[in-house]
Amino acid sequence: MKFLLWAIIVFFTFVAQASISLFDITPNLTVVLAFYAGIREGEIKGLFFGSLIGTVEDSLSEAFLGPHLLSKGLAGYLSSLVYSRFFIWTPLLGVISMIIFTFADGIIVFMLRSIFDGMPASVGAALYVIFIQSLMNAPFGLFLRPGDK
Amino acid sequence: MPKKWLFLFLFVIITLSLMTYQSNRQHWFPLKFLNNTFNMFHDLKHSFIDSIKSPFQKMLIREEENRRLQAELAKLLQEQQQYREVLLENKRLKDILSLKEKEHRYVASAHVIARSTDRWSNTFIIDKGLPHGIEKDMAVVSNQGLAGKISGVSGSYSYLLFVTDMSFSAAARLQESRVEGVIAGTGFRKCRLKYIPYEEEVKKGDIVITSGLDLLFPPGIPVGYVSKVDKSNIGIFQDIEVLPFVDNTQLEVVVIIKKG
């Protein structure tokens, strides 16, 4: 049941990601899912879940398998560490961490694609897009909190 | 904990190796089949949104079209009105021109630019005056008939005393019977034909023209027609009401002619 619910959420996240755009920039909603999976389910499950989302995203992006797989897997794993090891969740910290994770995810994907395939955009444009995506995701940090241990 | 880190390390190594492998060979998409599912869903979503949006979009387009057509219609009506005005003006000017050609006493033609501010007098202001040769007591006619006389001249403007004014009078006669009398204003819409003997046969509809005997108005200018004849009053003259041909509400262009 839980997996089915996650599958539905993932499905609609991808649909939403392909349907919404702000300033001609599509949001990066999948990193929010990976982040949430990490803080709710722990490192390993977060890593697994993030990898799964990344695999789907890579397959849909028709570039090559890997950039999203790695970045989302890392997001799932490391987001769990943030609240279990270093910080106690507060809304402000949630917003900051969401911005950092989205930014890091964008940078990783951009770098990996630049290294293994070809530069998908100029550095300036990429930074602008990633910055806007980070701001778009920031409000999610207010609501996505870790589960009670 | 170290096990988890090892797991992460392995994950990073595997993905990097995978990417390195793909960079030299064909790209690999294990879940590519999902593309069709998403595309189908997007198509459905698009159709669904379109079916909702479409009627509103059509309404908006119709609304916009309606607004545009209304503006166009207003513009066309305005243009039509202008054309009509030009046609009417053309007709009036033609009438004036024919009057000018017929009338050898022609002095000037003028536009009525205003009514007198005194609501009790039937006086109009016309846009010609001394420089155009207009003098006091000159006759004023329109294409329909006698309009009145010049009651005063002030620079480039003159005052037209309309036939219905109480202080207006002119020598007149009935066109058919040639009976002479005096046409005078009543202060309202009608005139009165005075001094027509009781025994004279006057019918409703008889036309009244100027006789020229007053040496002010040239003879033969149509003034109006008899609208009412009253013989019931005891006296030697009939009470004859005359409706002027010239309608003071439609007076726009007039011609000033020399004294008879």
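Chain letters run A, B, ... following the sequence lines, proteins first, then strands; residues in each count from 1. Because the structure is a prediction, the values reported are computed rather than measured. As a basis for the values below, the full set of heavy atoms in this structure was taken, side chains included, without hydrogen atoms, waters or symmetry mates.
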Out of Ile125(B), Leu130(B), Ile134(B), which residue meets the side chain to side chain contact (heavy atoms under 4.5 Å, CB included) rule with Tyr157(B)? Ile125(B)

For the pair Arg68(B) and Glu72(B), find out whether any cationic side-chain nitrogen is under 4.0 Å from an anionic carboxylate oxygen. yes

Highest number of heavy-atom pairs under 4.5 Å with chain A: which of Leu8(B), Ile14(B), Thr15(B)? Leu8(B)

Using non-hydrogen atoms and a 4.5 Å limit, figure out which bit of Leu69(A) sits close to chain B: side chain, backbone, both or neither. both

Which bit of Phe48(A) is near chain B, if near means a heavy-atom gap under 4.5 Å: side chain, backbone, both or neither? neither

Could you tell me which portion of Ile115(A) (side chain, backbone, both or neither) has an atom closer than 4.5 angstrom to a non-hydrogen atom of chain B? neither

In terms of heavy-atom proximity below 4.5 Å to chain A, should Ile49(B) be classed as side chain, backbone, both, or neither? neither

Under 3.5 Å, which donor-acceptor pairs do the side chains of residues 92-103 of chain A form with other protein atoms, sequence neighbours left out?
| from | atom 1 | to | atom 2 | distance (Å) |
| --- | --- | --- | --- | --- |
| Ser97(A) | OG | Tyr83(A) | OH | 2.7 |
| Ser97(A) | OG | Leu93(A) | O | 2.7 |
| Ser97(A) | OG | Gly94(A) | O | 3.0 |
| Thr102(A) | OG1 | Met98(A) | O | 2.7 |
| Thr102(A) | OG1 | Asn137(A) | ND2 | 3.2 |

Would you indicate whether Ile88(A), at its atom CD1, is surrounded by more than 12 heavy atoms from other residues, nucleotides or ligands within a distance under 6.0 Å? no

Donor-acceptor pair, side chain of Ser51(B) and main chain of Phe48(B), under 3.5 angstrom: yes

